[in-house]
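Written below as structure tokens is the structure these notes are about.
Convention: sequence-line order gives letters A, B, ...; per-chain numbering from 1. Reckoned from all heavy atoms, side chains included, excluding hydrogens, waters and symmetry mates.
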2 protein chains.
Amino acid sequence: MSISMLESQCWGSCQTCSLSSLCLPLALCINEMKEFDAIITRRRAPLVRGENLCRQGESFTNVFAVRSGSFKQIVLDEEGEEQISHFYLPGELIGLESIDEGHYPGFVVALGRSSVCEIPFQQLDTLAERIPSLRQQLYRSISRGMNEDRHLIRLLTCKSAEERIASFFLDLGRRFRRSGFAFEHFRLPMSRTDIGSHLGLALETVSRVLGRLQQQGVISLHGRELQILRTDELYRLSEKYPSHAGGMGALR
Amino acid sequence: MSISMLESQCWGSCQTCSLSSLCLPLALCINEMKEFDAIITRRRAPLVRGENLCRQGESFTNVFAVRSGSFKQIVLDEEGEEQISHFYLPGELIGLESIDEGHYPGFVVALGRSSVCEIPFQQLDTLAERIPSLRQQLYRSISRGMNEDRHLIRLLTCKSAEERIASFFLDLGRRFRRSGFAFEHFRLPMSRTDIGSHLGLALETVSRVLGRLQQQGVISLHGRELQILRTDELYRLSEKYPSHAGGMGALR
DNA sequence: CGCAGATTTGAGCGTATTCAAGTGACGTGG
DNA sequence: CCACGTCACTTGAATACGCTCAAATCTGCG
């Protein structure tokens, strides 16, 4: 009973949502926000760790906004190998890359107890037709997604393991800060394996780099509890090598 | 005189453009297409090789549609190192990732004599407000861009040099085919260096892999004239190793 | 023709991988 | 309560792939 009370508070309207300032309703007036609120389907229960929000290949109908917790997007390639293409933190939108092809390109899995707002895309578009600022915000959200991907691409094409991880932590910090959490102190929602899969590194490499970063006193890490001790140094490490990359050890 | 005649033909309306079926006006009726046509600014002269379409940091006002030729997007990082984040072929849209931040994230440079349609984004949005199918197409274009980027990310996180280049050629082929060119025979618009920069490989590695692919009889390559001889084999090579990646030789 | 840029080829090396073993945390069941 | 299995993570050793450096060759173009 008390839990459901809490949760109904949690799932209040956009007007009471602490993330509304970085979500789609960002620039809406009260009345518009009410309209927007009306099309949102709120999930009855939060998802638990490992639960699927959507499945690869499933037809696209909804965009999701992360309300709490976090998610990873896993793409299974032709050989059945997993590949983590994206992490989603509170306030971020899931599913925008599916508009074109009409189906979700991968599984989206909760990394812990997480909740989302479910937004039927068709209705979102109908509403966006009438509300220019909502339309703007939708464009911007999609565009931002592209931009983040381009960053990751640059990271992957020309950075060493250390740089990748430094960049990754800085990126996570920034994104957490946007949602009102601390920049320098947060809990990593994902495993080392997940990080490796996302950054194109073996988990052993991730582990080794993390060890090195701790030895250097740049971060402290207990389990998944991360503290960024020297932001400037982490930043320096994230862009240490100006150019290309270097070979690739072995291949499995 | 004769040139300008030719060019004015080249720059005819969307209705006469061979690419309209894969560009924004895709689903528009005659009248809508005329409206759309009206907001497009056509460049007076095609760009020559090396000419900038837009500059890094410049404020975003226009989306561009490639009409002929091709472009590369170069991003200069903090250290001034170049990084090719994207190639644009005929029928593709340039600039969509700039909507959010409001400025172009990199230079877009013509890879040969190329022409574009210049579409003021503000006006495009105004028009999209009234024309649902144009809006849909805009969403889809942006979404497709994200999707392509995700593909590249997967390529970069877990593929060997050979796989990357095989994937890259297959991707180029598909994109050329969409614009009405041959899938198995086209001219590479970019240099080996450009390919390397885009795929996170040293140009020497690109060169070596190309040599190997030719020896194996998978492709034939004279200068930049590429012929895909065995598509199935190229496809097989593009997904040879199911998983991770491998080290990174040296780091400059 | 001759230069500049693009590409090819060779030798040696370094980073990150793979394989392998070992530690630690956690929850289950005897 | 402790043995045990599982899972995430750490650490070590050997290896491989692609990088860097260097020089040669090819190409396009004035």
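Aromatic rings from Phe60(B) and Tyr104(B) are positioned such that their centres are separated by under 6.0 Å. Two rings, from His86(A) and Phe71(A), have their centers 6.0 Å or more apart.
For the pair Leu111(A) CG and dA8(D) C1', the computed distance is 15 Å after rounding to whole Å. Counting to the nearest Å, the C1' atom of dA8(D) and the NE2 atom of His222(A) are 17 Å from each other. Taking atom CD on Gln214(B) and atom C1' on dT7(C), their separation rounds to 12 Å, with Å as the unit. When the C1' atom of dT15(C) is taken as reference, atom CD of Glu163(A) falls 12 Å away, rounded to whole Å. The distance between atom CD of Glu204(A) and atom P of dT15(C), rounded to the nearest whole Å, is 18 Å. The CG-P distance, from Leu188(A) to dC9(D), rounds to 9 Å in whole Å. If you measure from atom CZ of Arg187(B) to atom P of dT27(D), you get 13 Å, rounded to the nearest angstrom. At whole-Å resolution of the value, CG in Leu210(B) and C1' in dC26(D) are 15 Å apart.
With hydrogens and angles ignored, no donor-acceptor pair under 3.5 angstrom links the side chain of Glu162(B) to the base of dC17(D).
Between dC9(D), dC21(D), dT11(D), one nucleotide has an atom nearer to the side chain of Arg192(A) than all others, and that is dC9(D). Each of dT7(C), dA16(C), dG18(D) was ranked by its minimum atom distance to the side chain of Leu203(B); first place goes to dT7(C).
Residue Arg208(B) is the one, among Arg208(B) and Arg212(A), whose nearest nucleotide of DNA chain C lies closer to the 5' end (criterion: closest heavy atom).
More than 12 heavy atoms of other residues, nucleotides or ligands lie within 6.0 Å of CD in Glu233(B), so this atom counts as buried by the packing criterion.
Figure legend: Arg55(B) and Phe107(B) shown without cation-pi pairing, the cationic atom not lying both under 6.0 angstrom from the six-membered ring centre and within 45 degrees of its axis.
For the OP1/OP2 pair of dA6(C) and a distance below 4.0 Å, the side-chain nitrogens and oxygens of Arg224(B) include no atom meeting the criterion.
The existence of a salt bridge linking Arg236(B) and Asp232(B) is excluded, since no basic side-chain nitrogen approaches an acidic carboxylate oxygen closer than 4.0 Å.
Residue Ser207(B) is classed as a base contact, given a heavy-atom separation below 4.0 Å to a base.
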